[in-house]
Amino acid sequence: MEKVYDPHAIEKKWYELWIEKGYFTAKSSSTAPSFSMVIPPPNVTGSLHMGHALNNTLQDIVTRFHRMSGFNSLWLPGMDHAGIATQNVVERELAKEGFHRDEVGREKFIERVWEWKAQSGGTIIEQLKRLGSSCDWSRERFTMDEGLSRAVREVFVRLYNEGLIYRDNYIINWCPRCKTALSDLEAEHEDTKGFLYYIHYPLADGSGHLTVATTRPETMLGDTAVAVNPKDPRFGKYVGQDVILPIVGKKIPVIGDSYVDMEFGTGALKVTPAHDVNDFEIMKRHGLEIVRVIDEDGKMNENAIHYEGTDRFDCREKIVEELKEKGFLEKLEPYNLGVGKCYRCKTVVEPALSLQWFLKMKPLADPAIKAVRDHKVRIIPEMWEKVYFEWMENIKDWCISRQIWWGHRIPVWYCDACNEIHVSVDTPDRCTKCGGALRQESDVLDTWFSSGLWPFTTLGWPDKTDDLKTFYPTSLLITGFDILFFWVARMIMMGIKFMGDVPFKDVYIHALVRDAEGKKMSKSKGNVIDPLTIIDQFGTDAFRFTLTMLAAQGRDVMLSEERIEGSRNFVNKVWNASKLSLIFMGDEKPSLTVTQSSFLPDKWIRSRTQKVIREVKAGIEEYRFNDVANTLYAFVWHEFCDWYLEIVKPNLYGKVDTFDNTATRATLYRTLTDILKLLHPVMPFVTEEIYQRLPGREAAESIMISDFPVFNESEVNAESETQMETIMGIIDVIRNIRGETGIAPNVKVEAIIRTTGQESLLKSYEYYVKELAKVEKLSFVDSTTPEHSAVGVYKGIEVFVPLKKVIDVAKELGRIEKEINKIDEECRKISLKLSNESFRGKAPAEVIAKNETQFGELTAKKDKLLASKIMLETIAG
RNA sequence: GGGCGGAUAGCUCAGCGGGAGAGCAUCGGCCUUACAAGCCGAGGGUCGCAGGUUCAAAACCUGUUCCGCCUACCA
């Protein structure tokens, strides 16, 4: 085996084997319990970023764990057609060839998109494979697949027939660049510096003017009223009068509406029903006129008089200029406002009145709220439940139509002859009413509409498939909080609606990946770390381990190369520890019937291993991924490598045969195997590579289908742990003295021990103490305190290291004093507690006892140190 | 405006009622034949600030400051 682990050659080899053997493929029906999960489908246009890497690493850990634990495990992968994003990509390609999509035509354009998808779409799938994701690729789905498309139409038709989908004129967010309506969620609000403009609207009777305040003066061209609060003592009297709209010169009414906040601005509100939601609502209450002034390109339209054709932002400047010239502009003040921007292209969206399709949400949301409240769906960490409720309880109807071409075309047909509307899953030939020709609705559905159906459409719905029976509801969903509303909430609603059951039992929400400074990674900031670069540089296992280690619940993941380096070192540690173990094991297949070695370190490591097994299982089941990684790191490095392998060396190198070394080899074999299996869900590649090299392997032909270790109480051995701790404690004390007094590692020392009854234990393992602490001569005393020695105490056991030849007394005195001071400080705190009457009266007995024991131990230790101090002082004279 | 989260060692973070922890970084000593991507040892924190509850608070409550996020129809 190489001295340093080299991931590159190895990763590809094993991934291909796993695929070839079909290990990722779940069974449609099985007597084994099932575990299922659907992937948050990445965009077909996407490439792997840190968020995906974290998300999929966690999913893979859980999947591999369940698969090894005997579950019929399905991790269903796929991609999302990403309507707007994909259309943008292909439009850009066309533009390079000098075409606009209108010149190409809808049908040809869509063909073009499919071509693009076949060629360059879905690179992310290959990237997920490099991450080691054990998805069932035989079940891979795409939201535009025929099956899923049919399911989408089915859902649309059912919802339409129930009256939950309707078509209406309403204010929606319009992206003038993408030329489509967006849902509320797709408009991202961003605090932007702007101005509040105060504009005079003269009263029609010439008796003065009202001043309105607005942030979007260009919309004044579409004003159809000025609203004041009827209770407003200043303006109430104007209700019923008219004002003259500046520039336009037409009369518009002053109306009274309690919506108007008297405190804000001037207390008079200009009403533009075609370009503001609130104004639209006011319009409905008062039956006002609607005048749209901005067109679909974001330019002023024919209603904007001499501004027709002007861009909306240019118009803003020009109109302010004109108002100023004509004396209508009273003043302007700086003002911060939340401006909605298109989540795809960052263009400022225009609230505009438009005929769109909507989905009524309240009836769908209510059962979905209940499902979470009743914990049919658990959201973890719990904090996200609150966020979920907050949004769901204030949910508004969802604008589901998009004016683009790439997507699920709305299954509605219009008969122009008789105005009949046909809504059906299959394409109708002619109007059933008049036999006239039909024209299909040109809009497509919001991409998230099909994503919302993902957990059941991917399993074959609306057909009653075995997969659905076996895997729905799925066990778990792992995703980032950024799509809690976009996706998770909608899946819960749709799952309940169409499957009669929640889509998943648990939702684990993980954090965002940020850079080392805590900033969100983004292309514009230039602080993105490309996962594939990291994989190339450090290997997949190291990368996955890092993400796992940092994935603490409710915390963002701060990623830095240093952390990844640390993980790479750990992977290498595992590699080298395995290398040594394999050398020790040789070709021999250790007898697996050896359950109990009499060698203390063997008993200890088995006991510790059991506890780690228990902790890892619980950690994965409770989504405490960082705990799992930390537990394994500490156990493998600081217990297995630092202690077990070191202490076992004399035996397995053949220097000592006091103990049954076959039993030790068996213990080593089993422990290494357990470690590999425990690590496998997190670092699949290196563990497989080593597993394949184990002599006389267990039945499994791959670690990924081997049995995950199961906690075995019978190997837990408290006494062995205590005894081993004593031995390690003694070694620590000697090492500490050596380190502190500056004894070089190659210089052997003498050690004299005064025990409190552990003499026979220490004598049995004397050889190992001497070996690990570099001790030449180890002896025991009863009462006489060795002279001229450094002293250390472990649980009442005194360890003396004669220093005559080695070091000066003064230095040792300083060391002892430092330690005594530490003890004094601790004793002071404890005695304060113990002397407190209320503490003795109210604290639980075990807490009091614990403090008393501790106090006793500390004072005993102090006494012993003091004795040594006096001794040394005498010598020093 | 409403809501949520964070503030613990130089850095990144665990811990969330009973002895302040880890990794990295730092300092000292080691090429000890699994690993220098390593080994041994050490130093380092009035747990954001102020109150309160409790025998006991980093943890629970209240207030406060500073960061971050989500959400919203005050133009």
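Numbers restart at 1 for each chain; the letters A, B, ... are given by sequence-line order, proteins then strands. What you see is a predicted model; the values in this text were computed from it and never measured.
The side chain of Lys822(A) contributes an N or O atom lying less than 4.0 Å from OP1 or OP2 of rG43(B). For Asn569(A) and rG38(B), the shortest distance from a side-chain N or O to OP1 or OP2 is below 4.0 Å. Taking 4.0 angstrom as the limit, His638(A) places a side-chain polar atom (N or O) nearer than this to OP1 or OP2 of rG23(B). Here Trp637(A) reaches the OP1 or OP2 of rC39(B): one of its side-chain N or O atoms lies under 4.0 Å away. Using a 4.0 Å cut-off, some side-chain N or O of Tyr335(A) falls inside it from OP1 or OP2 of rA75(B). Using a 4.0 Å cut-off, some side-chain N or O of Tyr633(A) falls inside it from OP1 or OP2 of rC24(B). Remark: Lys842(A) is in phosphate contact with rC55(B), judged by side-chain N or O atoms under 4.0 Å from OP1 or OP2. When the side-chain nitrogen and oxygen atoms of Lys829(A) are compared with OP1 and OP2 of rA56(B), none of them lie within a distance under 4.0 Å. Distances shown here put a side-chain N or O of Lys649(A) below 4.0 Å from the OP1 or OP2 atom of rA34(B). The phosphate of rA42(B) has OP1 or OP2 within less than 4.0 Å of a side-chain N or O from Asn736(A).
Side-chain to base pairing of Glu263(A) with rA75(B): no donor and acceptor N or O lie closer than 3.5 Å to each other. Taking 3.5 Å as the limit, the base of rC4(B) and the side chain of Lys386(A) contain no donor-acceptor pair of atoms between them. You'll find a donor-acceptor pair under 3.5 Å spanning the side chain of Gln854(A) and the base of rG19(B), going by distance alone.
Proximity note for Phe485(A) (side chain, C-beta onward) versus rU71(B), rA75(B), rA34(B): the nearest is rU71(B). Distance from the side chain of Tyr259(A) is smallest for rA75(B) among the nucleotides rA34(B), rA75(B), rC69(B). In the set rC73(B), rC70(B), rG41(B), rG41(B) carries the atom at the smallest distance from any side-chain atom of Arg735(A). For Ser838(A), whose side chain is taken as the heavy atoms from C-beta onward, the closest listed nucleotide among rA42(B), rG38(B), rC55(B) is rC55(B). For Thr214(A), the side-chain atoms get nearest to rA75(B) when compared with the rest of rA75(B), rA34(B), rA72(B).
Looking only at distances, no side-chain donor or acceptor of Trp575(A) sits under 3.5 Å from a matching main-chain atom of Met1(A).
Taking the six-membered ring where tryptophan is involved, the planes of Tyr170(A) and Phe358(A) are perpendicular, since the angle between them exceeds 60° and thus also 30°.
Here Glu837(A) does not pair with Arg840(A) in a salt bridge; the nearest charged N to carboxylate O distance is not below 4.0 Å. The pair Arg693(A)-Glu689(A) counts as a salt bridge, with a side-chain nitrogen and a carboxylate oxygen less than 4.0 angstrom apart. Salt bridge status for Glu826(A) with Lys861(A): absent, with no side-chain N to carboxylate O gap under 4.0 Å.
Nucleotide rG41(B) forms a pair with rC27(B), judged by Watson-Crick or G-U wobble geometry with both contacts under 3.5 Å. Nucleotide rC60(B) has rG52(B) as its partner under the Watson-Crick or G-U criteria, with both atom distances under 3.5 Å. With a cut-off of 3.5 Å on both pairing distances, the Watson-Crick or G-U wobble partner of rC66(B) is rG6(B).
The residue Asp184(A) sits apart from the nucleic acid: no heavy atom pair falls under 4.0 Å. Among the protein residues, Val277(A) comes within range of no part of the nucleic acid, since none of its heavy atoms lies under 4.0 Å from any strand. The residue Lys573(A) sits close to a base: some heavy atom pair falls under 4.0 Å. In this structure, Val212(A) reaches neither bases nor backbone, as no heavy-atom distance under 4.0 Å exists between it and the strands shown. The residue Glu646(A) sits close to a base: some heavy atom pair falls under 4.0 Å. Nucleic acid contact for Arg568(A): base, since at least one base atom lies under 4.0 Å from a heavy atom of the residue. Within the 4.0 angstrom heavy-atom criterion, base atoms lie near Asn572(A). At a threshold of 4.0 angstrom between heavy atoms, the contacts of Asp279(A) with the nucleic acid are absent. Gly340(A) comes within 4.0 angstrom of no nucleic acid atom, judged by non-hydrogen atoms across all strands.
Spacing between rU12(B) and rA7(B) at atom P, rounded to whole Å, works out to 12 Å. Nucleotides rC39(B) and rU46(B) are separated by 36 Å at their C1' atoms, to the nearest Å. The separation of rA57(B) from rU62(B), taken at their C1' atoms, amounts to 15 Å, rounded to a whole angstrom.
The distance between atom CG of Asn746(A) and atom C1' of rC31(B), rounded to the nearest whole Å, is 12 Å. Distance Lys833(A) NZ to rG18(B) P: 10 Å, rounded to the nearest Å. The separation between Glu390(A) atom CD and rG2(B) atom C1' is 7 Å, rounded to whole Å.
Looking at heavy atoms from C-beta onward, Thr224(A) lies in side-chain contact with Pro273(A) at the 4.5 angstrom threshold. Annotation: side chain of Val507(A) is not in contact with side chain of Leu484(A) (no heavy-atom distance under 4.5 Å). Proximity of Tyr653(A) to Phe584(A): side-chain heavy atoms (C-beta onward) are separated by under 4.5 Å at one or more points.
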